[in-house]
Amino acid sequence: IILKSFMTVYATPYTALGAELSSDYDERTSIQSIKMSFFMLGIAFATAVSMILFFRPTENFPIGQLNPEAYKNMGITSSILMLVFGMICFYSTKKYIEVLPKNNEKDKCENVVKSLFSALKNSDYRVVVIGYLFTNISSAILGSVGLHVFTYTFLMGNYKIAVILGVQLGMGILSQPFWIWFSKKKDKKPAVIFGLFLSIIASAYFIVMVLLKDIVRLNFMYLIPFAFVAGVGTGGLFTLPLSMIADTTDKAELNTGNRMEGVYYGGMTLGYKLSQAVAIFILGILLDVVNFNPNLQIQSDFTAVILGITLGVGSIISFLLAILFYRKYSITKEKMEKIQEEIVLVRQQKSNFSV
């Protein structure tokens, strides 16, 4: 609880900082793309690299990911890296405090709940937050039962799992230039919806692989197309919504006169946390319902298939729900240019009035 709480305290201003570094519509996407590339590198270490470093098969645990000692070693190493890179980020960005936009004292004392409800009145912000919430249900499912599926449905060892996760995360990083280009050419909403469609295709392919699990157990490379397409699709889903939130803060400034990047990204983090909490709670119950037995190295066919189907079907449902909300997003590059021009005029009028 303490770890998750302070990660939120750290992540909210860290994410909001990306919106304050640029007011350019396309450059915001580039900034978030760079940020998310390093984010996915971090995930790659915690998953793909960790599978190789910490979950090696031993005499007592031929399936390395079933070794309890490995999780302790991974936890200690990851915690040290979190501290080191967190401090690097803090001291590298501290110098920007003096030049970043500042709220007045009244805004600082404003009730947090009231500010959040005020943000949710922004229709474009609301649909992005809810869409992002549904998208992250898929990542919660993968984080909760993904290792179960690879281990018990496909009977994969640590090295094979590392390859699949490595390809998926690697494509998420390598696809960032594509998403920057695509969002410039087609705009952000079509780009994020295209990313969701790619993710749905990957999830549908994954369901087929679950049904053909006996073939995949003989050759895990059948999962590579899934990892490739899913990596490209989720690469856009990691980056574009964060850039879209930055645009909604401009719309909010024009309508209310206040900039609230911290509140806006805090609300987005809240939505992400809620989706994770609900999904993990439901999946924990599901493991009991499908008779998952953690003491068995081989689960029943029924349990193995249901675990895999849950990952694929749950992801498809979350992506479809996300599309329903992202379709309602109305900000385009042309609209944003007009909004920012009006903001400049309002600021000039305020400046002239104060003089």
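Just so we're clear, the structure is a prediction, and the values are computed from it rather than from any experiment. No hydrogens, no waters, no symmetry mates; every other heavy atom, side chains included, goes into these values. Along the sequence shown, the residues carry numbers beginning at 1.
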Can L41 and L169 be said to form a side chain to side chain contact (heavy atoms under 4.5 Å, CB included), step by step? CA-CA 8 Å; L41 279 174; L169 291 165; over 6 Å; no
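- A side-chain contact (heavy atoms from CB on, under 4.5 Å) with I282 is found for one member of I280, V278, I285 and no other, namely V278.
- Side-chain contact between R28 and D250 is present, with heavy atoms from C-beta onward closer than 4.5 Å.
- In this structure a side-chain-to-backbone donor-acceptor pair under 3.5 Å is present from W179 to V232.
- Atom CZ of F197 sits in a sparse spot, with 12 or fewer heavy atoms from other residues, nucleotides or ligands closer than 6.0 Å.
- In this structure, the side chains of R126 and K328 stay at 4.5 Å or more apart for every pair of heavy atoms.
- Looking only at side-chain heavy atoms (C-beta outward), I161 and T151 come within less than 4.5 Å of each other.
- Annotation: side chain of L155 is not in contact with side chain of K213 (no heavy-atom distance under 4.5 Å).
- Looking at K273 and K4, their side chains come closer than 4.5 Å, going by heavy atoms from C-beta outward.
- A salt bridge links K72 to E69: at least one charged side-chain nitrogen sits closer than 4.0 Å to a carboxylate oxygen.
- Hydrophobic clustering places F292 together with M156 (ILVMFWY residues linked when any side-chain heavy atoms are closer than 4.5 Å, directly or through intermediates).
- Hydrophobic cluster membership is shared by L321 and Y132, with clusters built from Ile, Leu, Val, Met, Phe, Trp and Tyr side chains linked at under 4.5 angstrom.
- The aromatic ring centroids of F55 and Y71 lie less than 6.0 Å from each other.
- A side-chain donor-acceptor contact under 3.5 Å links S5 to the backbone of I1.
- In F178, the CZ atom is crowded: over 12 heavy atoms of neighbouring residues, nucleotides or ligands sit closer than 6.0 Å.
- The backbone N or O of F150 sits nowhere less than 3.5 Å from a side-chain atom of T153 that would complete a donor-acceptor pair.
- Between I173 atom CD1 and Q168 atom CD the span is 11.5 Å, to the nearest 0.5 Å.
- A cation-pi contact, defined as under 6.0 Å to the ring centre and within 45° of the axis, is absent between K35 and F38.
- Within a 6.0 Å sphere centred on CZ of F281, other residues, nucleotides and ligands contribute 12 heavy atoms or fewer.
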Could you check S199 against L237 for side chain to side chain contact (heavy atoms under 4.5 Å, CB included), going step by step and ending with a plain yes or no? CA-CA 9 Å; S199 300; L237 302 184; 3.5 Å; yes
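- In the hydrophobic clustering of ILVMFWY residues, with side-chain heavy atoms under 4.5 Å counting as a link, M171 and F39 come out together.
- Considering all non-hydrogen atoms of both residues, A162 and M51 come closest at CB-CB, 4.0 Å.
- In plain terms, the two heavy atoms of V128 and P241 that are nearest each other are CG1-O, 3.8 Å.
- S203 contributes atom OG, which lies 9.5 Å from atom CG of L142 (distance to the nearest 0.5 angstrom).
- Going from atom OH of Y329 over to atom CG of D124 covers 5.5 Å, rounded to the nearest 0.5 Å.
- Taking every heavy atom of both residues into account, C89 and T93 meet most closely at O-OG1, 2.8 Å.
- Judged by distance alone, the side chain of N158 and the main-chain N or O of G64 form no donor-acceptor pair under 3.5 Å.
- The environment of R327 atom CZ is sparse: at most 12 non-hydrogen atoms of other residues, nucleotides or ligands sit within 6.0 angstrom.
- Residues Q176 and T239 bring a donor and an acceptor atom of their side chains to less than 3.5 Å of each other.
- Checking side-chain atoms of S300 against main-chain N and O of T303 turns up a donor-acceptor pair under 3.5 Å.
- Counting heavy atoms of neighbouring residues, nucleotides and ligands inside a 6.0 Å radius, atom OH of Y222 does not exceed 12 of them.
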Evaluate side chain to side chain contact (heavy atoms under 4.5 Å, CB included) for K251 paired with L254, printing each intermediate quantity in order. CA-CA 5 Å; K251 179 181 176 182; L254 181 61; 5.9 Å; no
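- T248 places a side-chain N or O within 3.5 Å of a backbone atom of I245 that can act as its donor or acceptor partner.
- Between the side chain of E261 and the backbone N or O of T249, no donor-acceptor pair lies under 3.5 Å.
- The nearest pair of heavy atoms linking G267 to V129 is O-CG1, 4.1 Å.
- In this structure, S183 contributes its side chain and I180 its backbone to a donor-acceptor pair below 3.5 Å.
- Looking at K185, K188, K333 one by one, the single match for salt bridge (charged side-chain N to carboxylate O under 4.0 Å, His left out) with D26 turns out to be K333.
- One distance of note links CG of L287 with CD of Q299; it measures 9.5 Å at 0.5 Å rounding.
- Nearest heavy-atom pair across A322 and T135 is CB-OG1, 3.5 Å.
- Summarising the geometry of S138 relative to S315, their closest heavy-atom pair is OG-OG, 3.0 Å, with the distance given to 0.1 Å.
- Between I63 and Q65, the closest side-chain pair of non-hydrogen atoms falls below 4.5 Å.
- Cluster annotation: L81 and L83 are assigned to distinct hydrophobic clusters (Ile/Leu/Val/Met/Phe/Trp/Tyr, side-chain heavy-atom contacts under 4.5 Å, transitive).
- Using bins of under 30°, 30° to 60° and over 60° for the plane-to-plane angle, the ring pair F226/F206 lands in the tilted bin.
- Atom-to-atom distance recorded for L283:CG and T310:OG1 is 7.5 Å, nearest 0.5 angstrom.
- Under the 4.5 Å side-chain contact rule for hydrophobic residues, L320 and L240 share a cluster.
- Side-chain contact check for F61 versus P68: some heavy-atom pair is nearer than 4.5 Å.
- With hydrogens and angles disregarded, a donor-acceptor distance shorter than 3.5 Å links the side chain of S175 to the backbone of G172.
- Taking 4.5 Å as the limit, some side-chain heavy atom of N136 sits within range of a side-chain heavy atom of S139.
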Verdict with reasoning, S33 to F238, per side chain to side chain contact (heavy atoms under 4.5 Å, CB included): CA-CA 8 Å; S33 176; F238 273 121; over 6 Å; no
Ring pair (Phe, Tyr, Trp, His ring centres under 6.0 Å) between F134 and F325, intermediate numbers included: CA-CA 9 Å; F134 282 122; F325 283 92; 5.7 Å; yes
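- For Y125 and Y264, the distance between ring centers is under 6.0 angstrom.
- Side-chain atoms of Y152 do not come within 3.5 Å of backbone N or O of L307 as any donor-acceptor pair.
- Within the model, atoms CD1 of I164 and CD1 of I224 stand 4.0 Å from one another, a figure rounded to the nearest 0.5 Å.
- Aromatic ring centres of F182 and F194 lie closer together than 6.0 Å.
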